[in-house]
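In the text below, chain A, chain B and the rest are named by the order of the sequence lines, each starting its count at 1.
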Amino acid sequence: MDKKVKVRFAPSPSGDLHVGNIRTALFDWAYARHTGGTFLFRIEDTDRSRVTDEYIAAAIDTLKWLGLTWDEGPEVGGANGPYLQSQRLDIYADWARKFIDQGDAYFCYCTPDELEARREAQRAANEAPGYDGKCRDLSPQEIKDYKEQGREAVVRMRMPAGETTFHDEIRGDVTFDHKFVPDFVLVRGDGSPLYTLAVAVDDVMMGVTHILRGEDLLSSTPRQIRVYQAMGLAKADYPLFAHLPFVMGQDNTKLSKRNGEVSIDWYRKAGYLPEAICNYLALLGWAPGDDRENITMKELTELFTIEKVNSSPARFDMKKLDAINGDKIRALTLDEFLAWTLPFMTNAGVISGSDQEIALVRSALPIIQERIVTLGEIPQMLKFLFVKKFQVEEESIPKINDGAAKEVLKRTLADLSPLQEWSHSEIEAVLRKSLIEEMGLKPRIAFGAVRIAVTGSTISPPLFESMELLGKTLCIERIESAISL
RNA sequence: GGCCCCGUCGUCUAGCGGCCUAGGACUCUGGCUUCUCAAGCCAGCUACGAGGGUUCGAAUCCCUUCGGGGCUACCA
């Protein structure tokens with residue numbers, strides 16, 4: 001019981017890691033860190049037709065980006081490696097052989113077509129479909145005949161009559177009657193292992209103490225336990241199970257590409273901060289217990305316990321993620337904010353990355369920090385400071401094209417031209433006096449026209465600060481060209 | 001169909017027999033502030049799936065029912 005906690009995250013990357021995967025990874029990580037245990041990262045690539053090296057590399061990259069660092073696994077190594085199942089084939093083969101020798105498993109010569117036909121018949125007869133045990137006790141002659149027919153054999157685990165009860169840390173005791181857990185395949189006809197074998201073998205051999213994983217694996221747990229038995233593991237040494245509730249899409253079905261963005265990489269490219277993603281995901285199926293919702297990674301590791309994990313599924317809500325991301329962005333220091341911003345500015349082609357440009361971005365950041373939800377919005381917002389050939393956006397041109405607006409712009413030009421000190425407070429003071437007091441205009445009207453002329457849009461960062469950043473020359477230039485539109 | 005899991009505001013949740021005429025957050029609506037957009041502040045709408053029990057007392061315990069989801073592969 002005082003065994004040191006070891007938690008594993010073991011995805012099968014058949015695509016980019018998605019929101020659900022990462023929620024699981026986050027809980028695994030948080031629990032390991034909370035208990036001072038080990039976080040193990042393993043790649044389940046027993047089906048190499050679905051898992052590619054690119055996906056594996058992407059999974060590693062995503063986890064690193066999120067800050068979910070692991071103590072054992074790819075790249076960092078560890079005493080229980082390798083951590084790619086495709087590199088552990090001999091281990092699984094040895095265990096499969098042992099299971100057959102012990103009589104726990106047997107060769108099954110049924111072809112997929114035969115199996116499917118029999119399942120169909122079972123369904124038609126309203127019986128539970130599943131392996132019927134045909135090859136459980138073949139005679140040597142039958143085996144010989146099958147071999148002569150050139151049939152491939154899979155290795156199948158024998159499920160004895162009875163039932164399996166295990167304690168789920170989130171759901172309590174769960175019992176499965178073996179009538180509904182048919183003999184299952186451990187090794188394919190081509191000799192490659194299946195998840196059913198590899199997952200149990202690895203968890204045992206790698207010393208995993210807690211299995212926190214998706215609820216979809218709940219019903220495969222009896223099979224896993226069956227393998228533990230065959231491995232000779234004492235019941236007291238079984239890992240503890242905790243099946244996490246699903247993260248679902250808006251339409252109440254399992255989250256997928258069809259009902260919202262699911263790829264973590266998409267969120268990364270859109271300008272969500274890893275800490276925001278983790279904070280939001282942590283709130284899906286877990287709550288700290290008090291009314292706190294904005295929590296740091298450090299607080300998460302301090303507060304996270306399995307007892308506080310919910311048993312019911314949660315819907316993924318991008319609106320709330322947006323809100324949290326905005327909060328996290330506002331909490332950034334200027335230097336942090338700048339570091340996050342620069343790649344977005346250069347990737348968007350708004351800046352090339354010169355020191356001068358970076359300095360300008362830096363001085364502009366404070367006035368947009370509270371105005372954005374994602375980093376991806378920044379280029380559009382600061383573009384007016386960098387564009388080579390400035391243009392007023394099409395739909396705003398009419399608003400500065402009438403007589404009244406022209407008057408405002410002419411007056412602005414006249415009052416600003418002689419200005420010596422080009423500061424936002426000075427600009428504001430001058431314009432308020434002339435446009436608002438002397439011309440008697442509403443601020444909204446007067447400054448709106450100037451805004452369009454200078455930034456090209458009806459929506460912009462605060463006007464006077466923007467003008468200061470733009471510089472006097474460019475401001476005058478833009479106002480002049482607006483007047484002659 | 002069978003087996004298993006789940007069921008509090010639109011969404012995420014707090015709640016583990018009396019503190020609940022059910023609290024917080026996001027969304028939404030209205031207002032304040034205001035140079036646009038935001039941010040911020042204030043206010044408001046909206047929930048214990050249903051029916052039976054147990055109990056002095058139930059969102060909290062039990063049963064039934066309805067609803068949702070998962071599994072039912074030589075995927076994981």
Side-chain angles (χ1 to χ4, degrees), chain A residues 10-12 14 44-47 49-51 108 110-112 115-116 119 122-123 126-131 152-156 168 170-172 174-177 179-182 184-190 192-196 198-199 213-222 243 245-246 248 250 252-254 280 283-294 310-324 326-327 330 367-373 381 428 431-432 435-436 442-452 455 457-464 466:
Chain A
S12 180
S14 55
E44 310 226 317
D45 57 344
T46 52
D47 186 352
S49 66
R50 288 155 38 97
V51 179
C108 167
C110 300
T111 66
L115 256 18
E116 185 49 43
R119 270 196 295 266
Q122 287 169 323
R123 274 191 286 265
N126 224 343
E127 292 168 22
Y131 188 67
E152 278 187 337
V154 301
V155 177
R156 216 175 258 283
D168 184 279
I170 293 170
R171 292 153 213 284
V174 181
T175 300
F176 286 87
D177 192 314
K179 276 192 294 233
F180 309 110
V181 187
F184 55 99
V185 178
L186 297 169
V187 181
R188 292 187 181 85
D190 67 2
S192 64
L194 247 41
Y195 163 83
T196 48
V199 70
R213 52 156 34 161
E215 172 187 347
D216 49 337
L217 274 339
L218 184 65
S219 50
S220 87
T221 305
H243 289 92
F246 279 119
M248 300 192 299
Q250 303 298 345
N252 235 9
T253 59
K254 205 171 166 183
Y280 175 62
L283 264 18
L284 255 32
W286 175 84
D290 49 28
D291 285 334
R292 235 187 312 187
E293 293 215 317
N294 190 320
N310 262 339
S311 53
S312 52
R315 242 97 17 201
F316 183 83
D317 177 16
M318 210 194 296
K319 284 274 179 50
K320 184 143 184 177
L321 205 211
D322 283 346
I324 290 175
D327 285 342
R330 268 167 248 132
I367 62 172
I368 63 163
Q369 189 159 16
E370 67 185 26
R371 319 190 121 69
I372 57 168
V373 167
M381 209 162 247
E428 178 168 9
L431 292 186
R432 276 198 189 281
L435 268 29
I436 312 302
K442 288 213 182 304
R444 181 188 186 86
I445 304 296
F447 299 146
V450 180
R451 180 188 313 283
I452 293 168
T455 70
S457 171
T458 54
I459 298 171
S460 83
L463 179 59
F464 310 113
S466 297

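- Counting any heavy atom pair closer than 4.0 Å across all strands shown, Gly285(A) reaches sugar-phosphate atoms only and no base atom.
- As judged by a 4.0 angstrom heavy-atom cut-off over every strand, Thr46(A) is placed among residues touching the sugar-phosphate backbone only.
- Residue-level contact check: Ile452(A) touches neither bases nor backbone, having no heavy atom under 4.0 Å from any strand.
- Of the nucleotides present, G31(B) is the one that pairs with C41(B) by Watson-Crick or G-U wobble criteria, both distances under 3.5 Å.
- Base pairing analysis places G1(B) opposite U72(B); the two distances defining the Watson-Crick or G-U wobble pair are each below 3.5 Å.
- If you check U54(B) for Watson-Crick or wobble pairing at under 3.5 angstrom, you find it has no partner at all.
- The same atom, P, is picked in A58(B) and in G67(B); the two are 28 Å apart, to the nearest Å.
- As a whole-Å value, the separation of Phe176(A) CZ from C3(B) P is 12 Å.
- Panel note: side chain Thr455(A), backbone Arg451(A); a donor-acceptor pair is recorded below 3.5 Å.
- Val154(A) comes within 4.0 angstrom of a base, heavy atoms only.
- With the nearest nucleotide of RNA chain B identified for both Val373(A) and Trp286(A), Trp286(A) has the one nearer the 5' end.
- Taking the C1' atoms as reference points, C9(B) lies 14 Å from G15(B), given to the whole Å.
- Here the nucleotide nearest the side chain of Arg156(A), chosen from C5(B), A76(B), C74(B), is C74(B).
- With both ends at atom P, the span from A43(B) to U8(B) equals 28 Å, rounded to whole Å.
- Residue contacts shown for Pro313(A) are limited to sugar-phosphate atoms, with no base heavy atom under 4.0 Å away.
- Each of Ser220(A) and Ile170(A) lies near RNA chain B, and the nucleotide nearest Ile170(A) is the one positioned closer to the 5' end.
- Ionic pairing of Asp290(A) and Arg292(A) is present here: one or more N-O contacts between side-chain nitrogen and carboxylate oxygen are shorter than 4.0 angstrom.
- The distance between atom CD of Glu215(A) and atom C1' of C6(B), rounded to the nearest whole Å, is 7 Å.
- Formation of a donor-acceptor pair under 3.5 Å by the Asn310(A) side chain with backbone atoms of Ser312(A) is not found in this model.
- Across all strands shown, Ser49(A) has no heavy atoms under 4.0 Å from either base or sugar-phosphate atoms.
- The CG-P distance, from Leu194(A) to C74(B), rounds to 8 Å in whole Å.
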### Contact pattern, 5' to 3', of nucleotides 18-36 of chain B - B, S or - by protein heavy atom under 4.0 Å
-----BBBS--------BB
